Undergrad: 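The following block contains the structure, expressed as structure tokens.
If you're wondering where the values come from, they're calculated on a predicted model, not measured in any experiment. In each ligand, atom 1 is the first atom listed, and ligand 1 is the first ligand listed.
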Amino acid sequence: MTTTMQTAVPSEIKDPSLREQGKRQIEWAERDMPVLKQIRERFAKEKPLEGLRLVACCHVTKETANLAIALKAGGADAILIASNPLSTQDDVAASLVEDYGISVYAWKGEDIATYTRHVNIALDHQPQLIIDDGADVIVTLVKERPQQIAAMIGSTEETTTGLVRLRAMARDGKLTWPAIAVNDAQTKHFFDNRYGTGQSTIDGILRATNILLAGRTVVVVGYGWCGRGVAMRARGLGANVIVTEVNPVKAIEAVLDGYQVMPLLDAAPLGDVFVTVTGNRHVIDRAHFMEMKDGAIVCNSGHFDLELNLEALGNMAESRETLRSFTEQYTMGDGRRIIVLGEGRLINLAAAEGHPASVMDMSFANQALGVEYLVKNKGKLSNDVHLLPAEVDQEIAALKLRSMGVSIDKLTPEMQEYMNSWQIGT
Ligand code: ADE
């Protein structure tokens, strides 16, 4: 790694010589990120983040690069670290450092000790603003560096999983700055979680295995926004989809969407491919592995790598063997082989490139505007988890539609009046 290598700005990346390829990737993503581009251009003029120290802990991808460039254009003194040890695109990291002068501490395959060290380097930056994806930076801040909290203007959170942690922190009285729930914006989870995870998860499974999905049974564990997307896309490729859920409302939705719904233990012997998207721990456990058929493929597309109990699987297995990149086979005493993709880390970023730029455009427009909102409202927001105002969501959606060349109707004055009245009825 480059701790000892000379780079344009302080960094720890795999290889600065990958910069040219990385720049092409960043520019490729930019073509599909017109909303973020407009924000970047406005930021460059208005400098709303001038001189503010910002840490972004995100998947270091070509899409995130465009966010980092927009934040820098807005005047932020920003550094970027990875939110997952396996998701960094090393060429993109090289270009950010060498071409854009943004410090990056990340490489694909970094170990947990390095990941933790990078979180600490990020906190050494004394951030006033934190963009988190999974809440590892802010949890470390609260647990290990309480003396730095006073400098915080606020933070934003990208994922459902991070928000679960953030809201638990707020309940425990540990959230002592305002936080923006970017994930909860409609222009984030309707598209990123559903269409982004749907497509990129299938992409990861196919890049790792190249199996035909048509005619196979895919078990989608969890029917939140991500699960809906994965199930929809697996069905689109001809798979028979089984959904498992713990929430009765979501389970009804899956039934009415036309999927088979059953307990995971019943689905275990039926599935050819299992995908977890629950945000919970050990949802596929020893009892399920015991029931799976020979050759079953399991993977995770939730934020953390704890959805599959791989320790239990490791204990059950007599041997382990890597078959292809991101494809590891565990052989049981009874001869059954269970294949784990991407070490149980989110398969869409481990084996593929994450969500396409077109959806990240909206997610990262929310991030950029979320950070600006925190700065504009410094001292006015309570120390809690906030949604961005609905007008911001509407504005992002309107800009996105325009960029797609789609126009829509407007309410007439008559319609508007009716929507605001209560007198007219039967
Ligand atoms: N999360 C999912 N896909 C992503 C991407 N392409 N870039 C950054 N974060 C992501």
Undergrad: Please list every donor-acceptor pair under 3.5 Å in which a side-chain atom of residues 350-365 meets a protein atom from a residue at least two apart or in another chain.
TA:
unit_1: Glu353; atom_1: OE1; unit_2: Lys62; atom_2: NZ; d: 3.0
unit_1: Glu353; atom_1: OE2; unit_2: Arg207; atom_2: NH1; d: 3.3
unit_1: Glu353; atom_1: OE2; unit_2: Arg207; atom_2: NH2; d: 3.0
unit_1: His355; atom_1: ND1; unit_2: Gly196; atom_2: O; d: 3.4
unit_1: His355; atom_1: ND1; unit_2: Ser200; atom_2: OG; d: 3.0
unit_1: His355; atom_1: NE2; unit_2: Asp192; atom_2: O; d: 3.4
unit_1: His355; atom_1: NE2; unit_2: Asp192; atom_2: OD1; d: 2.9
unit_1: His355; atom_1: NE2; unit_2: Thr197; atom_2: OG1; d: 3.4
unit_1: Ser358; atom_1: OG; unit_2: Lys400; atom_2: NZ; d: 3.4
unit_1: Asp361; atom_1: OD1; unit_2: Val35; atom_2: N; d: 3.2
unit_1: Asp361; atom_1: OD1; unit_2: Leu36; atom_2: N; d: 2.8
unit_1: Asp361; atom_1: OD2; unit_2: Val35; atom_2: N; d: 3.1
unit_1: Asp361; atom_1: OD2; unit_2: Lys400; atom_2: NZ; d: 2.9
unit_1: Ser363; atom_1: OG; unit_2: Asp192; atom_2: OD2; d: 2.8
unit_1: Ser363; atom_1: OG; unit_2: Val359; atom_2: O; d: 3.3

Undergrad: For ligand 1, what are the residues with a heavy-atom contact below 4.0 Å?
TA: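 Around ligand 1, where the cutoff is 4.0 Å for heavy atoms, the contacting residues are His59, Thr61, Glu63, Thr64, Leu349, Glu353, Gly354, His355, Met360, Phe364.
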
Undergrad: Flag the pair Arg167 and Asp184 as a salt bridge only when some basic side-chain nitrogen lies within less than 4.0 angstrom of an acidic carboxylate oxygen.
TA: yes

Undergrad: Would you tell me whether Thr161 and His303 have side-chain atoms, one donor and one acceptor, within less than 3.5 Å of each other?
TA: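 No, His303 and Thr161 have no side-chain donor paired with an acceptor closer than 3.5 Å.
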
Undergrad: If only side-chain N and O atoms count, and only distance matters, is there a donor-acceptor pair under 3.5 Å linking Thr156 with Gln367?
TA: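 Side-chain D/A pair, Gln367 to Thr156: present.
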
Undergrad: Over 60° means perpendicular and under 30° means parallel, so tell me whether His118 and Trp107 are parallel, tilted or perpendicular.
TA: perpendicular

Undergrad: Is it the case that Asp15 and Ser17 place a side-chain donor and acceptor less than 3.5 Å from each other?
TA: yes

